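In what follows, a structure is listed as structure tokens, so that the remarks can point back to it.
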Amino acid sequence: NKMQIELIITLIFLFIEIGIILYFYHKAKQPPDPAKPRMLNYGLLIIFFALIFIATLAHVVTLVTGNQVKPRRKRGM
């Protein structure tokens, strides 16, 4: 079924995103090396990938339930 394939692919991406976040967290917790300055801001990357993770999680909920995730607040506020 097409929906099952989409769900499997989305879950694979979800686990890849978790792995990337954990890798960046591990790198951020290492003590800084004065001889090798960090080229990436790992904290910012963790936040960015956490937002992507939340969007992917919302997509998983949409695939499982069949209903699109919508905000609870009313428009126009």
Side-chain angles (χ1 to χ4, degrees):
N1 195 350
K2 184 182 178 219
M3 192 175 106
Q4 289 175 337
I5 294 171
E6 287 181 9
L7 181 61
I8 291 169
I9 292 171
T10 306
L11 288 174
I12 289 170
F13 274 103
L14 203 65
F15 284 113
I16 290 171
E17 290 164 8
I18 290 171
I20 290 171
I21 290 170
L22 290 175
Y23 173 75
F24 285 153
Y25 180 77
H26 170 73
K27 292 292 279 183
K29 288 297 172 190
Q30 289 180 346
D33 184 7
K36 282 178 56 181
R38 291 185 178 158
M39 300 302 288
L40 299 172
N41 184 346
Y42 292 113
L44 194 61
L45 287 171
I46 290 169
I47 293 170
F48 177 72
F49 274 93
L51 292 174
I52 293 173
F53 174 81
I54 291 169
T56 308
L57 198 60
H59 185 62
V60 169
V61 171
T62 302
L63 288 174
V64 171
T65 63
N67 296 329
Q68 190 171 2
V69 179
K70 296 179 183 174
R72 293 185 183 263
R73 67 179 180 89
K74 294 179 182 177
R75 290 189 170 270
M77 293 181 75

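Quantities reported herein were computed from a predicted structural model and do not represent experimental measurements.
- With hydrophobic clusters built from ILVMFWY side chains whose heavy atoms lie under 4.5 angstrom apart, Leu22 does not share a cluster with Ile47.
- Note that CD1 of Ile20 and CZ of Phe13 are 9.5 Å apart. Values are rounded to the nearest 0.5 Å.
- Every residue meeting the side chain to side chain contact (heavy atoms under 4.5 Å, CB included) condition with Tyr42, not counting sequence neighbours, appears here in chain and number order: Phe24, Lys27, Ala28, Arg38, Leu40, Leu45.
- Under a hydrophobic clustering in which Ile, Leu, Val, Met, Phe, Trp and Tyr are joined whenever their side-chain heavy atoms come within less than 4.5 Å, directly or via other members, Val61 and Leu51 fall into different clusters.
- Applying the side chain to side chain contact (heavy atoms under 4.5 Å, CB included) rule to Asp33 yields the partners Ala35, Lys36; only residues at least two apart in sequence or on another chain are considered.
- The list of salt bridge (Lys or Arg N to Asp or Glu O under 4.0 Å) pairs with a residue in residues 51-65, not counting sequence neighbours, is empty.
- Residue pairs satisfying the side chain to side chain donor-acceptor pair (under 3.5 Å) criterion with at least one member in residues 46-55, sequence neighbours excluded, are absent.
- In this structure, the separation between CD1 on Ile16 and CD1 on Ile21 is 12.0 Å, given to the nearest 0.5 Å.
- Rounded to the nearest 0.5 Å, atoms CG (Asn41) and CD1 (Ile46) are 9.0 Å apart.
- Applying the side chain to side chain contact (heavy atoms under 4.5 Å, CB included) test to Ile5 and every residue at least two apart in sequence or in another chain returns Ile9.
- For Leu14, the side chain to side chain contact (heavy atoms under 4.5 Å, CB included) criterion is met by Leu11, Glu17, Phe53, Thr56, Leu57, Val60, not counting sequence neighbours.
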